[in-house]
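Got a structure here, written out as structure tokens. Questions coming.
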Amino acid sequence: MLQVVWFKRDLRLEDHAALCAAAIRDRILPLVIVEPDYWQQPDVSARQWNFWRGCIADLGDAIAAKGGQLCIRIGDAVETLAAIKAAHGNFVLRAHEETGNAWTFERDKAVRRWCKAEGIAFEESRQFGVWRGRRVNRDRWAQAWDRMMAMPAQPAPPLLMWERCESDPLADAAALGLADDGLQVAPISGRAEALATLHSFLHERGEHYTREMSSPVSGESACSRLSWHLAYGSLSIREAYQAAQAHYRELPLSEKAWRQSLRSFIARLHWHCHFIQKLESEPEAEYRPMARLYEGLRPRSADTVKLEAWSEGRTGYPFIDAAMRYLNATGWINFRMRAMLMSFASYDLSLPWQESGTALARKFIDYEPGIHWPQCQMQAGETGINTIRIYSPVKQGYDQDPAGVFIRCWVPELANVPDAWLHEPWKLAADERAQLCPDYPERIVDHAAAAKAAKDAIYALRRKPEARAEAKAVVQKHGSRKRTTDRKRAGAKADQLKLAF
DNA sequence: AGTGCAGTTGACTTT
DNA sequence: TAAAGTCAACTGCAC
């Protein structure tokens, strides 16, 4: 029977379980559905579509090179599948499991209902170390992840029989109603770029990963930069994992920096799935804090003046504004800066993470809902089980950009401010300030006071007995079980479980 | 040369 | 993936 392989966020022919399963059975109709409804959602943007679109075009080329033709359809998923059934007859539908936002979750449920009603088999394969459903046992999760990542990555099936199918031209952003979002540098998408990025990270850029990833200056090159390729699947997590593992094993023991970097990178691939698993197990986490007690902590709807000032990089804190403007211009920023921006929105500005998180999601080209929403909650301190991490914008600035090059690059209003005041222009005398940086905004909040108030509010909540009980339940459901490796404590605490989130 | 002391550093705890 | 506070050990210096 005809095999329809529905490509979603897995736009590659290699290590593609659904494609492999189809290839050993019958003719393949490779399908991408561009869903206009999805592109109306508040968490998506033109920059994401443009990257995605490039991946689709690249996959189309790869299929054409093998003698086939990628079928691109614009429309509702169920209607599209119904039209394909009408034109091509019955089929088996194959795809990868997806842990997306609430919209794609509902869409998948609708597709499953339709398949059931039509007597069509809908077979989903696993592509991440993420297991379906709410009742996933976290106790053996890490071992299962290791096994999943160690399984051989299948090459693109060599001999394929293709079904041809009527196809729509690839829409541009405007046709999907997506306005320009200020992206200044569009990254290159597609398989070749993903592989080249992986290679340059593992062999050239990554040597001082652990030391250099935290600064937005060095992080631009020292981070793997694979996030958007992994998000749209032009490279699989398993391919990245196995390449890193293989390279690690080849490295002589004397290559200390490289070895540490690769261990750290591999740990982060693990975290990728660890976070997606949270949203998979609790889809409500897109809207509600895992610890429900925190629901009243912040105003339900954002102060729009503050939200816009933050979102546009006009808070009056140079390092915050530089980071936000960099993100707005490039669609990417390193992890530490993401955490800092979320911390500032949540603790300094009391913005609900649902709204600040939506604004951030749109900015990230690599938006991966399963990572994004649990991260937003965690950085906003609403999981109930993590240490509250309130970032000091000034301390982070001195730590990560001591020379001020990043601030000067992204906040040109401060060009005339001497280094000594660059991180804290409010300390300039009023007349000097008026002369040196008249166009740079005043601070919209006092960090010290706001941080103190936020801390007090959260700890007041946390001390309640109900909060303790709830935290225990959250750890049981979502917490990672990681054995302590601290040698100093190996004797006394060897069996103690370290609970990290 | 040894002592007292202010200031610094690092490990660890608390919020 | 934080920051501030505490405490003990250490350092440099004056006497």
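Here is the naming used below: chain letters follow the sequence lines, and residue numbers restart at 1 for every chain.
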Exercise. Does A/K395 have a side-chain nitrogen or oxygen under 4.0 Å from the phosphate oxygens OP1 or OP2 of C/dA2?
Worked result: no
For this session: Consider the side chain of A/Y459, meaning its heavy atoms from C-beta on, and name the nucleotide among C/dA2, B/dT15, C/dA3 that approaches it most closely.
Result: B/dT15
Problem set entry | Nearest-angstrom distance from the residue atom NZ of A/K455 to P of C/dA3 | 10 Å
Exercise. In whole angstrom, what separates A/K452's NZ from C/dG5's P?
Worked result: 11 Å
Exercise. Can you tell me how far P of C/dA4 sits from CD1 of A/I388, to the nearest Å?
Worked result: 15 Å
Seminar exercise, completed: Between CG of A/D348 and P of C/dA2 the distance, given in whole Å, is 16 Å
Exercise. Does A/Q396 have a side-chain nitrogen or oxygen under 4.0 Å from the phosphate oxygens OP1 or OP2 of C/dA3?
Worked result: yes
For this session: Quick one: which residue pairs count as a side-chain hydrogen bond (donor to acceptor under 3.5 Å, both in side chains) with a foot in residues 459-476 of chain A, not counting sequence neighbours?
Result: A/Y294-A/R462
For this session: Describe the nucleic acid contact of A/I458 in one word from base, sugar-phosphate, nothing, applying a heavy-atom distance below 4.0 Å.
Result: nothing
Exercise. Is the A/W310-A/F344 ring centre distance short of 6.0 angstrom?
Worked result: no
For this session: With heavy atoms under 4.0 Å as the rule, sort A/T387 into base, sugar-phosphate or nothing.
Result: base
Problem set entry | A/R338 and A/D366 ion-paired at < 4.0 Å | yes
Problem set entry | Atom pair distance, as rounded to whole Å: CZ in A/R468 and C1' in B/dT15 | 12 Å
For this session: Starting at atom CZ of A/R338, determine the distance to atom P of C/dA2, rounded to an integer number of angstrom.
Result: 17 Å
For this session: Measure the distance from CG on A/D399 to P on C/dA3 and round it to the nearest whole Å.
Result: 7 Å
Exercise. So, A/S281 and A/Q277: side-chain donor and acceptor under 3.5 Å apart, yes or no?
Worked result: yes
Exercise. Who pairs with A/D303 by salt bridge (Lys or Arg N to Asp or Glu O under 4.0 Å), at least two apart in sequence or on another chain?
Worked result: none
For this session: Could you tell me the separation between the CZ atom of A/F344 and the P atom of C/dA3, rounded to a whole number of Å?
Result: 14 Å
Exercise. Is the phosphate of B/dT15, meaning OP1 or OP2, less than 4.0 Å from a side-chain N or O of A/R389?
Worked result: no
